Novice: 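Pasting a structure here, questions to come.
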Amino acid sequence: MSSASRRRQPRGQLSVENDSEYVNVELGYAGASGYSGGQGMPSQYENMEPSPDLRYGARGVDNLAYGAPTGTPRTGYQPQDIQLNTINPAFSGSGQTPLMGRSRSPSVASSVSYQSSNAEADEIHEREIIAASLSDPNSVIDMLPSRQLGHTLHRAKSHHHPSHHHSKSMRKRSRSRSASLRRSRSTSRRNYENVNLENMVDDILADPNLLQGTSRGTLRRRNTIRQISGTIDTRRRVREQVNRRSSRTSKEKSPGICTAYFYEAAYKWESFLESLSDFTYSLELWRSSIKKIEGNFGSGVTSYFLLLKWLLLLNIPVFLLTFGFVTTPQLIYQPSASVPHSQNFSGWDLLTGGGWFKDTELYCGYYTNETFTVDNKNYYSMPLAYLITNILIFILILIVIAQGMSRAYRQYFVTGDRHYNFFTAKVFCGWDYSITSESTAKLKNKSIYLELAEALTSHHSSDSIGCCKTFGIYLLRLTINIIVFAIIAGASYLIHYMYDSVVAEIDSGLTVIRELAIPLVISGYNLTLPYMFSVLSSFEKYSNPRMQLYVSLFRTFLMKASVLCVLCYFWLNQISCTDESTQNCVECWETFIGNEVYKLVIVDFILQSLATFVLEFIRRIGKDHCCQTFASPEFDIARNTMDLIQSQTYTWIGMYFSPLLMVINIFKLVLIFYVKKVSVLYNCKPSLRPWKAGLAKTVFLGILFLMYMICLGAFGYSVVQIQPSANCGPFRGRNDTYDVVIDLFGKWQQSDRVITTLVILLTSPGVLVGIILIIILLVYYRRSVSLGYKETVKRLQHQINLEGKDKRFLLRMLQEAIKKRNKKLGITNPNDSVVFSNNGRVLRSPSPSASAPSRQRPSPRKEGKRKHKAHRHPGHHGGAAASPSSPHLSPRLSPRLSPRPSPKPSPRTSKHNQGAN
Amino acid sequence: MGGSHSVFTEAELDDYQELTFFSKKEILHVHKRFHLLDPEAVRRDKNACLPMDTILELPELKVNPFKDRICKVFSSTDDGSLTFEDFLDMMSVFSDSAPKSMKAEYAFRIYDFDEDDFVSSADLREMVNRLTGEQQITDDDMQHLINNIFEEADLDDDDALSFAEFEHVISKAPDFMNTFRIRL
């Protein structure tokens, strides 16, 4: 194993620091590439270790200085052995990249288990490589791991022996195994495919995690096969062979009853999910609409609609919960006739939510505080049901949001480095594959062009901004920030002020406009302020348009959050009659808040649709008919998404006070979807500005989460701290809402000691602190794990670097060896020497035709000479063994006659051939 | 739905479901899209091999700058024509449920124009030219751009991106999953 370093250090010809081990690794890895031949179906374990015969052969070749004319055919050097030893790329890295699987650094080695072959074998193979390369340097290049895409064969699978499989590392490997399998597709498949196929089959069979017999194994196997990148036909054949062979050789140890049961359940669950996905596909909402939008506007605009849909789907179960556990019992047990309506229905009530509606199930105040008796033993306590349903809903929403957020976060920040590669991202992920419209495609072209050009010009002019100028910019930004905060504060104060005056007059009866004043003002904010913020931030000269977008987005969020906070503060502190001295006091504050939220939701909806239609429509008409200076509007994803989030927030805050608000919100979302869809498709034009859907999703979910926290805080506060109204609502007459729960415990205490003590124990401060501590520890643990991963990634990256250096080093070594051999043999033919640049490219190649580009290799040298050499080779038995159809012929043995075993003869080579001819 | 069910037997659907990332309904939908490309030929043979020109009628591919590469990569005959199974394969790779690594691999093949298993500077040049369409970046800028890309992604300094490097850089580009996707 260490021979390479031993050999290299004394030479000291390359200043590759501290990476000797990597070279070893590489060699060892090539060495481990023995592959069991493709004929027949040899057991995959038989040929793992190079047979002694082969070793001898290898040494012999080495000693004979391969390619020298002295070589005589060795007897007993069977083709079978030759194949064993094929240099044909047989790497199947155990990691995502072949490079990564072979780390020696302890942290990596522990996560990706790599089993080295023994040192002796490595040494032999190293010599082999050198020997092989003496005649054909390119074979080494072909052996380098980075060249292995598309013709991956499989490494000797000594480490696959089922005898030493243990759970954890194995599981990891199986994952990476499927990754390597996937890489096995060859482009020109025909004669190579069979070999490839069998390797995949071998691989699958060798992996104990994919064994038939256990349901989990079956599932995994199915997934592995599914992920093989090949034609469907290839996968089908792999599957067939796997099934055939595994049924032949299956003698798995039967799992315990428990595990078997677990596997069975897992399998059932998986199949259930599959059939469910089939079912949901036909139910999927708005699929064609979303597709149409995506085709015309790209994934940015679509993300708005997807969020809308997601919110809608979140609202439906919430609504069902409230409706099922709160509204339905109320409807059944408390027929509305029992309480006569104090007011008649009028059209305006729809808008204001007041009047007639106040005595309906829409508002909290209408719900009864009774406990219904279902039969003698069972009863249904309305207050309890009301409270618990709401708590459940909040928990449900929390889980859903947290899950969505963590997924988005993982996708964006964890897998994606925070260090953002602008150019690669732009070029490799620039095209939106879902675009279907010609004009959008043109626009996309233009957008990519502009962005690249902009980035490149900024690259050219390394602008050195003077200190004074920088100061000026910062001063400007400071001023604008102050202005923005002043605006936000002013806006919040205005609302507070208006509420004060409204509440003062509340008894004297308000006009409709007066009642709607506050919602109108808030909607007005939503329409104007974000626009103002984005204009202001455009003055601030942010270098990056994305930065500018996020700054204005943040300010919009701040505005909405502060408005929300003011509202909450006002509703919860000023309105309720906790304090007798408060003059602004509403009779039934729960209903009042519900009503306020209702107005907000309705007015927001109306204004939003009106603004969408009227403004965008007018702009479009203006553009079409009057003057072209009106640009047709673009769909402002950020603003629209913020509006969506805000309306959802209002619903959350209101749903406790107005159980049926959710149904209104559902209708609202559905209508908004169609309004926006029509507006987008008919009035808007796609935006030139790129939109990073991935990041934006994380940001928006984060904002949604913050808003949710505000709602949750308000809800918690109102439950625990505020005294419910005396004459209305399910909690009337209690000191605070939470009393309901305490009462319940009291009842339990009488009947059941155990539960009570349990509950008391669980809610005691000590236990709570303990739970919090555990959570903190968990978070800390996860964080350190993620830091560890980060470290690993860094190391792996470093390793890729080193591998690159290794490659160069190897090539130089080769060059050296070639020179030496030439000297030894007295060949002075300069054609035979190859010059490598220091990055490993062949700079000057021997044949005249190879004076071509630096990336071309000198592989096709003169045909005659090649044949000559091949014939003289000891191991060469003539046509049969070297038949071109035999993919396993070692290049060492017939480097020229047989076509490269690689599935596709390197295009460079073929191009070259054409050139030479 | 009943009509389209008759195209495939239940066994065939099961088979496809097991080998792709699609559910049965989605497979039928894919077939419907395939059918629309050339109703005549597909009616005769449900697994007909449609030539590249016909395949490119698919709206998503029609405007895609890499359309010919996509067809080539997914074609089982290497000439750009796709059978239904190839087509299904393609849609499966472009679907939401295909894993990132698989997508990355196909992306790599698509972007490897000369099929030498490397994304070289020539490939990048071609790519950028196709991406920007009518507007062309100047040679100077192009060189800059390519240098920048190599600076970001080329870890072993050989002025070409191997698959490992490509996958690495893709893994850091979170929008890849959002863009390398065709909704059914």
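Hydrogens, waters and symmetry mates are skipped; everything else that's a heavy atom, side chains included, is used. Proteins come first, then strands; the chains are lettered A, B, ... in the order of their sequence lines, and each starts at number 1. These numbers come from a predicted model, not from an experiment.
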Novice: Looking at A:Leu450, A:Thr424, A:Ile448, which has the largest count of heavy-atom pairs under 4.5 Å with chain B?
Specialist: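 Most heavy-atom pairs under 4.5 Å with chain B: A:Thr424.
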
Novice: To the nearest 0.5 Å, what is the distance between CZ (A:Phe423) and CG (B:Asn147)?
Specialist: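 The CZ atom of A:Phe423 sits 10.5 Å away from the CG atom of B:Asn147.
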
Novice: Shorter than 4.5 Å, heavy atoms on both sides: which option in B:Leu145, B:Thr83, B:Thr138 has the most such pairs with chain A?
Specialist: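 Going by pairs under 4.5 Å, I would pick B:Leu145.
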
Novice: Using a cut-off of under 4.5 Å for heavy-atom pairs, which of B:Thr20, B:Ile182, B:Asp86 has the most such pairs with chain A?
Specialist: B:Thr20

Novice: Check whether more than 12 heavy atoms from other residues, nucleotides or ligands sit under 6.0 Å from atom NZ of A:Lys291, and answer yes or no.
Specialist: yes

Novice: Drop me the distance from A:Tyr449's OH to B:Glu134's CD, to the nearest 0.5 angstrom.
Specialist: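 So the gap between those two atoms works out to 12.0 Å.
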
Novice: What residues form a side-chain hydrogen bond (donor to acceptor under 3.5 Å, both in side chains) with B:Glu40, not counting sequence neighbours?
Specialist: B:Arg43

Novice: What donor-acceptor contacts under 3.5 angstrom involve side-chain atoms of residues 439-447 of chain A, with partners at least two apart or in another chain?
Specialist:
| from | atom 1 | to | atom 2 | distance (Å) |
| --- | --- | --- | --- | --- |
| A:Ser439 | OG | A:Ser437 | OG | 3.2 |
| A:Thr440 | OG1 | A:Asn296 | O | 2.6 |
| A:Thr440 | OG1 | A:Ser437 | OG | 2.7 |
| A:Ser447 | OG | A:Leu688 | O | 3.1 |

Novice: Can you name the residues that form a side-chain hydrogen bond (donor to acceptor under 3.5 Å, both in side chains) with B:Arg69, not counting sequence neighbours?
Specialist: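 Listed in chain order: B:Glu115.
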
Novice: Of all of B:Ile137, B:Asp15, B:Val93, B:Leu124, which one pairs up most often with chain A through heavy atoms under 4.5 Å apart?
Specialist: B:Asp15

Novice: If we define contacts as heavy-atom pairs under 4.5 Å, which of B:Phe94, B:Phe66, B:Phe166 has the most with chain A?
Specialist: B:Phe166

Novice: Of all the heavy-atom pairs spanning A:Val427 and B:Leu131, show the shortest one and how long it is.
Specialist: O-CD1, 3.4 Å

Novice: Which atoms of B:Phe150 are under 4.5 Å from chain A, going by heavy atoms: the side chain, the backbone, both sets, or neither?
Specialist: neither

Novice: Locate the shortest heavy-atom distance separating B:Tyr111 from A:Tyr433; write the atom from each residue and the value.
Specialist: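 Minimum heavy-atom contact is OH-OH, 3.0 Å.
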
Novice: Roughly how far, to the nearest 0.5 Å, is the CG atom of A:Leu452 from the NE2 atom of B:His144?
Specialist: 13.5 Å

Novice: Are there over 12 heavy-atom neighbours, none belonging to B:Asp45, within less than 6.0 Å of that residue's CG?
Specialist: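 Buried by this count: over 12 neighbours within 6.0 Å.
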
Novice: Under 4.5 Å heavy-atom distance to chain A, tell me which part of B:Phe22 shows up: side chain, backbone, both or neither.
Specialist: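 Contact with chain A: none, neither part.
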
Novice: Taking every non-hydrogen pair under 4.5 Å, which of A:Ile290, A:Ile435, A:Thr302 racks up the most with chain B?
Specialist: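 Maximum pair count with chain B is reached by A:Ile435.
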
Novice: Quick one: CH2 on A:Trp431 to CD1 on B:Ile110, what's the gap to the nearest 0.5 Å?
Specialist: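 So the CH2 of A:Trp431 and the CD1 of B:Ile110 are separated by 13.5 Å.
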
Novice: Among residues 50-62 of chain B, which ones touch chain A with a heavy-atom distance under 4.5 Å?
Specialist: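 At a heavy-atom separation under 4.5 Å, chain A is reached by B:Pro59, B:Glu60.
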
Novice: For B:Val63 versus A:Thr436, what's the shortest heavy-atom pair and its separation?
Specialist: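 Looking at all heavy atoms of both residues, the shortest contact is CG1-O, 3.7 Å.
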
